[in-house]
Structures are given as C-alpha cells and as structure tokens.
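Below is one structure, written out as structure tokens; comments come after it.
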Amino acid sequence: MTAIYRTEDGGRRIRERYVQTLRTWPVPYEHRRVPTREGETFVVVSGPEDAPPLVLLHGSGTNAAMWVAEVASWAGHFRVHAVDMIGEPGLSAPSRPPLDSEAYALWLDDVLRELGVSRASVVGASLGGWLALDYATRRPDRVECLALLCPAGIGRQKWGWLPKAVLLNRFGLWGQRKTLETVAGLDMKGSEEFLEGMALTFRQFLPRKRLPVFSDDTLRKLTMPVLAVVGDRDAMLDSQDTVRRLNETVPHATVRLLPGVGHSVVGQSEVVLAHLRRTSAAQ
C-alpha cells in the first residue's frame, strides 16, 4: 500500500502508461523535474521561451496528459507549463498536505520559482480549478488571469453518482465505460485505449474525497480576469450553484453554462485561448 495507490504494482503500471501517453505530446516539449518542499514535481514545458507564461493544472485522477488535445492551440501563443499535481497519478511526489491550508500555495510558489515564472495565467480543470482558485486568492499578484473548467470549490459537491458508479464498475470495461459516459459525461465510442487507462486508474488510484468550498469573502479576492466554463449536467458538482456564486461574488467574471454537458468540459480550447489572449493583449 502506498499513499495514493492501492498497490505498488498498480502505481507502477499507471506511471508507465502515462509515460507512453506523453510521447504523443503534439508540440515540441521538454520535461522538467523541479524540487519543492513537498518533493519533486514533474512539468511538461512547451511553447516559445519568450512567450507569456501559462500554467495548466489538471483534474483529479489525471495528470498533464489531459491537456494533449488543447496544448497545441495554446503553445503557439504562450510558454505552457503543464504541472503534475502532487498526490495525483502523475510523476510528481505523492505528498498530500491538508487542502484547507496554505500548503498547496507554498508548493506552487516553489514550482514557479524553479521554472523562473514570477507571474502567469492559469488554466485549471476540476481539482485543478480548485487549486487555481486557491492560489489566485492567496497570491493574486502572481496570477495574470484565470480560466476554469468545471472548477471544484464553488458549487456544492454531489454524491448521488457514487452508488451508481460502484454498481457499474462491477461489470468490467462495459461498466466503466457507462460510468465515464454517465458520471463524467464523456463519449467513449472508439476510445478503448483511453478507457483501459481510466479503468486501471479507477482500480488502483485512491482519490481525494471532499474538497473545501471557498467562502464568498475568499471568492471576492479574485480581482483578475476570470473565465469559468461549466456543464449543466455535471453529476459531480452543482454547476447552477457555481454560476450563481460566481455571478454574485465575482461580477466581472465571464461565466458560461454549457447545455447538455457533464463534468468533463471538452472542446473549449479556442474559447480559453481567446480569454487568455485578451488579457495578455491588455497588459
């Protein structure tokens, strides 16, 4: 038993599959391993060295590979740093300090210092959206703008999907396919290789449970440009609550509620890019 995997062998297999996926990165890249107070952190860096910095923070149960479909669009305009979050199934340290502390902001301080980044735009998805919000509210002078995809920490967390997922997962790959379709809102047609990877992660990775919810006063600290994109059929987070709270506490934010979309918000790379470039051009 390890800190984040059910077995050592399971963790090894997940990491090996991740390394294979990284070989499909669609633009020139370099891999960086930077020291931090929480242990080594893995980062995939792409884009022109003199371009404005952009930091990508992935969701729970994933790693930097989740940005493979988007990074080509963004790396043409930004120096992109796709960070493997600590305590998740990537190549960073398994450390999991308390979420309701300054620990993750201090860890990102270390990461950005080692990358030579003093201020950056940040894109975060789900848990990565929570991390982006946590950092932006604690270090607003270091965040140029935020783009959030189905961010955690604003709308309430839902649990009704869990019994159904447990039941479906008893039916092997078919059940796991239905779980991803109904819970995450992913289309699994023709995605057998991806499905097998997710199935391995479901079996071996121990996800975090409840994520802290930001107070209204904390959200009001978001003075930088903010884009939030959420799906109205998100089974894991209350998107209506996310929209309402952002409209009330961050009135300058651009909030998009996508009809018929679940927790997995895809196909938004150009929308995000337009937001990032508007902010960059305004500086």
Side-chain angles (χ1 to χ4, degrees), residues 54-62 64-78 80-83 85 120-137 143-158 161 180-187 211 213-214 218-282:
L54 173 63
V55 173
L56 308 183
L57 302 172
H58 60 78
S60 175
T62 61
M66 78 163 288
W67 305 113
V68 164
E70 287 83 14
V71 68
S73 174
W74 302 337
H77 307 275
F78 294 89
V80 180
H81 306 271
V83 179
M85 185 176 180
S121 298
V122 181
V123 178
S126 193
L127 173 63
W130 179 92
L131 179 60
L133 285 163
D134 180 71
Y135 196 71
T137 55
V143 177
E144 197 76 58
C145 76
L146 282 178
L148 308 169
L149 307 174
C150 58
I154 306 176
R156 68 178 182 85
Q157 206 165 341
K158 297 180 179 179
W161 58 271
L180 289 169
E181 289 176 347
T182 59
V183 176
L186 287 171
D187 182 359
L211 302 178
V213 174
F214 299 102
T218 298
L219 292 174
R220 290 190 182 100
K221 296 178 182 179
L222 299 172
T223 57
M224 70 289 295
V226 177
L227 167 70
V229 185
V230 297
D232 71 348
R233 293 189 180 179
D234 193 325
M236 305 179 75
L237 299 169
D238 187 335
S239 293
Q240 301 289 346
D241 197 28
T242 296
V243 171
R244 177 188 62 79
R245 294 194 66 215
L246 283 175
N247 285 336
E248 290 177 355
T249 60
V250 194
H252 65 275
T254 300
V255 184
R256 295 168 57 95
L257 181 65
L258 304 180
V261 174
H263 184 66
S264 181
V265 175
V266 297
Q268 297 297 304
S269 58
E270 293 304 315
V271 171
V272 170
L273 178 61
H275 172 71
L276 297 173
R277 295 194 70 188
R278 276 196 303 271
T279 302
S280 179

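Heavy-atom basis, side chains included; hydrogens, waters and symmetry copies ignored.
Between Glu248 and Leu246 there is no side-chain heavy-atom pair separated by less than 4.5 Å. Side-chain atoms of Leu54 and His81, non-hydrogen and from C-beta on, never get closer than 4.5 Å to each other. Counting only heavy atoms from C-beta outward, the side chains of Asp232 and Pro259 approach each other to under 4.5 Å. Looking at heavy atoms from C-beta onward, Val123 lies in side-chain contact with Leu276 at the 4.5 angstrom threshold. For the pair Ile154 and Val230, the minimum side-chain heavy-atom distance is 4.5 Å or more. With contacts defined as side-chain heavy-atom distances shorter than 4.5 Å, the pair Glu70/Leu149 does not qualify. Between Leu57 and Trp130, the closest side-chain pair of non-hydrogen atoms is not below 4.5 Å. At least one side-chain heavy atom of Trp74 sits less than 4.5 Å from a side-chain heavy atom of Leu56.
The two residues His275 and Val226 come nearest to each other via the heavy atoms CE1-C, 3.7 Å. Closest heavy-atom contact between Lys221 and Thr137: CD-O, 3.6 Å. A pairwise comparison of heavy atoms in Leu146 and Ala136 identifies CD1-CB, 3.7 Å as the closest pair. Taking each heavy atom of Met224 and Val143 in turn, the nearest pair found is CB-O, 3.8 Å. Nearest approach of Ala152 to Leu133, heavy atoms of both residues: O-CD1, 3.8 Å. Closest approach of Trp67 and Ala125 over heavy atoms only: CH2-CB, 4.0 Å.
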Please test Val265 against Arg256 for side chain to side chain contact (heavy atoms under 4.5 Å, CB included), starting from the C-alpha separation and ending with a verdict.
CA-CA 11 Å; Val265 175; Arg256 295 168 57 95; over 6 Å; no
Is there a side chain to side chain contact (heavy atoms under 4.5 Å, CB included) between Leu237 and Gln157? Walk through the geometry before answering.
CA-CA 5 Å; Leu237 299 169; Gln157 206 165 341; 4.2 Å; yes
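In this structure a side-chain-to-backbone donor-acceptor pair under 3.5 Å is missing from Ser73 to Glu270. No donor-acceptor pair under 3.5 Å is formed between the side chain of His58 and the backbone N or O of Leu127. Listed for the His252 side chain is a donor-acceptor partner under 3.5 Å among the backbone atoms of Leu222. In terms of modelled atom types and a separation under 3.5 Å, the side chain of Glu144 and the main chain of Thr279 share no donor-acceptor contact. When atom types are taken as modelled, the side chain of Asp234 and the backbone of Gly262 share no donor-acceptor pair closer than 3.5 angstrom.
Between Asp241 and Arg156 there is no salt bridge, since no side-chain nitrogen of the basic residue lies less than 4.0 Å from a carboxylate oxygen of the acidic one.
For the atom pair Met236 CE and Ser126 OG, the distance stands at 6.0 Å (nearest 0.5 Å). Here the straight-line distance linking atom CZ of Arg244 with atom OG1 of Thr249 works out to 9.0 Å at 0.5 Å rounding. The distance from atom OG1 of Thr254 to atom CZ of Arg278, rounded to the nearest 0.5 Å, is 6.5 Å.
Residues meeting the side chain to side chain donor-acceptor pair (under 3.5 Å) test with Thr218, sequence neighbours left out: Ser215.
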